[in-house]
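Input: a single structure, listed below in structure tokens.
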Amino acid sequence: TQLLEQSPQFLSIQEGENLTVYCNSSSVFSSLQWYRQEPGEGPVLLVTVVTGGEVKKLKRLTFQFGDARKDSSLHITAAQPGDTGLYLCAVTRGAQKLVFGQGTRLTINP
Amino acid sequence: NAGVMQNPRHLVRRRGQEARLRCSPMKGHSHVYWYRQLPEEGLKFMVYLQKENIIDESGMPKERFSAEFPKEGPSILRIQQVVRGDSAAYFCASSPGQGARMNTEAFFGQGTRLTVV
């Protein structure tokens, strides 16, 4: 079983629409990260959320950590083709090992 | 993540051959991590190394896979007698020395895409 369940697995929407993707678990985490991975590239860290209920904004992206620190969401406003990619959530296990969800593959159509 | 250099970017091997994947960490980074990504999946941890030491290899298959990070030179992930199921993207990440946290200070390379034919 996956430690982190991401949904939806695939999402294809039109430019300008809003969307939300989710990262859920039954475990409690001290922090959670979101990465974006473009085709042929490695993952790039977008944000780390630490406090239950925390909201962080990165331009048109809004990240929220659940109050119980078991889940997180990523909301994109007015999506653009440049937002296309694989969005991964991850948590640190032990001091130095990242565990990733299976990702949401997002396609924004012009 | 441009600072972590992996080569080759693409590698094709026949079944039974050896694959050697190289990773040069960012300047000043002494911790290296290897991850494997199968198609349509997230990344799976394989091994964590510091210079001349394997710290955590809990994600490494028991046979055919090995990793090293020598005092001089890049980290090497070695796969012996490759099989089709080894086909995947292999990513390396690096972070600074002691006290750094993987979740805030690690950077990934562009990966090596291994295809076994």
Side-chain angles (χ1 to χ4, degrees), chain A residues 1-12 21-25 29-51 54 56 63 65 69 72 74 85-107, chain B residues 1-10 21 23 25-26 29-50 53-60 88-113:
Chain A
T1 56
Q2 286 270 357
L3 179 65
L4 299 172
E5 293 285 347
Q6 291 192 245
S7 61
Q9 190 174 354
F10 299 94
L11 182 60
S12 180
V21 298
Y22 302 91
C23 175
N24 295 307
S25 179
F29 305 111
S30 58
S31 65
L32 184 144
Q33 300 82 50
W34 284 93
Y35 290 79
R36 178 167 64 209
Q37 184 181 18
E38 298 185 13
E41 302 293 330
V44 175
L45 179 66
L46 297 174
V47 77
T48 301
V49 286
V50 178
T51 307
E54 180 178 8
K56 282 193 174 179
F63 304 85
F65 201 13
R69 292 183 286 123
S72 182
L74 159 58
L86 178 66
Y87 288 81
L88 296 159
C89 63
V91 293
T92 305
R93 303 307 271 176
Q96 299 285 352
K97 178 166 60 180
L98 281 172
V99 175
F100 288 85
Q102 79 275 29
T104 291
R105 194 165 297 278
L106 176 64
T107 303
Chain B
N1 61 349
V4 178
M5 302 302 295
Q6 290 189 246
N7 68 83
R9 290 292 306 276
H10 300 274
L21 288 62
C23 170
M26 284 184 70
H29 285 191
S30 58
H31 295 204
V32 165
Y33 317 81
W34 285 93
Y35 290 80
R36 177 166 61 178
Q37 186 176 35
L38 295 172
E40 308 300 331
E41 291 191 10
L43 284 75
K44 297 278 195 288
F45 170 81
M46 299 182 75
V47 63
Y48 162 39
L49 309 104
Q50 297 177 16
N53 283 304
I54 297 174
I55 306 302
D56 181 348
E57 57 181 347
S58 57
M60 288 280 271
Y90 291 82
F91 290 95
C92 169
S94 73
S95 69
Q98 194 168 11
R101 293 208 52 88
M102 180 72 190
N103 58 345
T104 57
E105 299 179 42
F107 299 89
F108 283 84
Q110 293 177 300
T112 293
R113 274 136 193 92

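In this text, all values refer to a predicted model and were calculated from it rather than measured experimentally. Per chain, numbering begins at 1; letters A, B, ... match sequence-line order. Scope of the values below: all heavy atoms of this structure, side chains included, with no hydrogens, waters or symmetry mates.
At a threshold of 4.5 Å between non-hydrogen side-chain atoms, the residues B:Q37 and A:L86 count as touching. The side-chain heavy atoms of B:Y35 and A:L98, taken from C-beta on, include a pair separated by under 4.5 Å.
Considering every non-hydrogen atom in both B:G42 and A:L88, the closest pair reads CA-CD2, 3.9 Å. When all heavy atoms are compared, the tightest approach of B:R9 to A:G40 is NH2-O, 2.7 Å.
For A:L4, no part sits under 4.5 Å from any heavy atom of chain B, backbone or side chain. Of the two parts of A:Q37, only the side chain, counted from C-beta on, holds a non-hydrogen atom closer than 4.5 Å to a non-hydrogen atom of chain B.
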